[in-house]
Amino acid sequence: MTRAVLVGTAGIVWLVFPSTTITSASAVALPRAGPVAPAAAPRQDGTSGDDLVLPLIAVGAAGILAVYGYVRRTHRARTRTTPGGGDRDGADRHGADRHGEDGGDGGSRAGGPGRAPLTALEARACDALVLADDCVRTSREELGFAEVRSGTEACAPFVRAVRQAETEVAAAFRTRQRYDEGVPDPADDRARRRALADMTGRCEEAGRLLDAAVTQFDALRGLDREESLGEALVLAETRFRELAGRTTATEQIVTALHERYAPTACEPVTGYVEQAKDRLMFATAHLNQARQSADRGGHTRAAAELRAAEGAVVQVAVFLDAVSSLAEDLEEAASLVPAALSGAEAARAGAEERLTGVPAGEVQARILHAGAVLTSVRRELTSGRAYDPLGVLRRVVAATAPLGAVRAGVLSAAALLTARSAVAAAEGFITTHRGAVGATARARLVEAQRLLAAEDSAVLPRADALARTARDLAEQDVRTHGNPYAEADAHTPGTAGALRGGILLPGPSPTGAAPSYGGPGKRKRRAPHVS
């Protein structure tokens, strides 16, 4: 195409401007029959035809170059698929496709030809994170029942597979957390795509690890065999009765918490006893269905009903344990408050020595702020009103952390207690509401868990803050999700809560299907809908 344009343009110049091919120095005079005509008089502006030769040549050359440039730009725009074009971009694009960087679709932020928008890839990564996390949680829960019956040695390969999958999912969530924090740079489209591809790839690997062990795990549980199914039912029923017996005692604990502490202290477990009772009703119905199906020889149906009941039993334990754990944390926090206040005063007194290198004005501002917080805390404690011990410790820790005083001693212990309690509260809520909780809340939780396990007192305040953010985001997700399964309770009480809790997977049936050990591949081979 380019060559044709050049040749055509040169031909036009040749035809239109013949004088450009003959100069007076090379012309041969031909004999004329008549007298020689006088030379043409020069033009009034002082120019002749020959004087226009060089400008015309320049104009023609410029036209040729302009046409060539236009054709080349058009050709490149039609053949390239990424900004910048070129062979390197093509090689990078093919490499990205091989590694799933574009999720099979490719894409620029604006969704160029053959490429998915970045927002679509982000949504796909979020879906993959939630699915992988749910698969790990379900597999870990069913594995717990298998270990009770078959022993830790027999379950060791499956424990290993779950832990490996957990590692992959945690790494994917860590990438998601950094992505949300602006790493890679939001302006670096290619790096952002690689990060999303890493998340999706790790989630797929976690699913592969779990799916690879499904056949052996199902053989270990043996729910398709009458004897093994009967033993599993007995274990689930025993665990169910133990938890049902704890419900009344847990209800009394909640009442005592409300009497002793401020309402904010009890917020993390508000409604937990009621939700535990809801799961117990669900478990009762499905244990009965499992027993009836087993008696009729319907082992496949019985196994599905059993898994649904086991999932509910696990969540009953989470609700009840959360109440007991919070009660213990509040009691420990209350006993720690006086020592924490003394440690905070000592931290104020020695702040100038610790904060060497910090401008004096900044040091004084931090000291004054800590003093104001401590004064407020003391006023609250001496008011005679009920207070939130964990909330008080959290305020003391936050006020003294800028003084460099959380790395050791009583303030370090206070920071550890508040962070541990917040992480446990977020974990329990997400576990029991995972059918409605998205990737962002889970990413914050995983990052909080990582910091809590780092054994670095300096990062404990951030772990605490991230865990509380995770809980807040999860609660927002649940409120946004609403209760689309309300009608399911008309069929079996507790079904709506089971769907919201991820015990059942929503589907064509109003009752859903119970997930089991394994990854996405196992979930595609849906278990029978529970009845």
**Study point:** Test applied, salt bridge (charged side-chain N to carboxylate O under 4.0 Å, His left out); reference residue, Glu447; option that passes from Arg178, Arg176, Arg174, Arg462
**Key:** Arg174

Is it the case that atom [atom1] in [X] sees more than 12 heavy atoms from other parts of the structure closer than 6.0 Å?
X      : atom1 : value
Arg163 : CZ    : no
Glu181 : CD    : yes
Glu331 : CD    : no

Practice item. To the nearest 0.5 Å, tell me how far Tyr179 OH sits from Leu196 CG. Key: 4.0 Å

Review point. What distance do Leu121 atom CG and Cys126 atom SG have between them, rounded to the nearest 0.5 Å?
Key: 11.0 Å

Review point. Should Glu147 and Arg140 be marked as a salt bridge (charged side-chain N to carboxylate O under 4.0 Å, His left out) after you check the CA-CA gap, both sets of side-chain angles, and the distance that decides it?
Key: CA-CA 10 Å; Glu147 285 184 298; Arg140 187 169 54 223; over 6 Å; no

Point to revise | Criterion salt bridge (charged side-chain N to carboxylate O under 4.0 Å, His left out) on Glu204 and Arg208, from CA distance to verdict | key: CA-CA 6 Å; Glu204 291 172 349; Arg208 188 196 65 78; over 6 Å; no

Exercise for review: Decide whether a cation-pi geometry holds between Arg442 and Phe173; the criteria are a distance under 6.0 Å from NZ or CZ to the six-membered ring centre and an angle within 45° of the ring axis.
Suggested key: no

Review point. So, are Arg307 and Glu141 salt-bridged, with charged N and O less than 4.0 Å apart?
Key: no

Practice item. Take Thr138 and Arg434, measure what side-chain contact (heavy atoms from CB on, under 4.5 Å) needs, and give me the verdict at the end. Key: CA-CA 11 Å; Thr138 300; Arg434 61 179 178 259; 3.7 Å; yes

Exercise for review: Look only at the side chain of Thr495 and the backbone of His491, and say whether a donor-acceptor pair between them is shorter than 3.5 Å.
Suggested key: no

Exercise for review: Output all residues satisfying side chain to side chain contact (heavy atoms under 4.5 Å, CB included) with Thr264, sequence neighbours left out; order by chain, then residue number.
Suggested key: Ala262, Glu267, Asp388

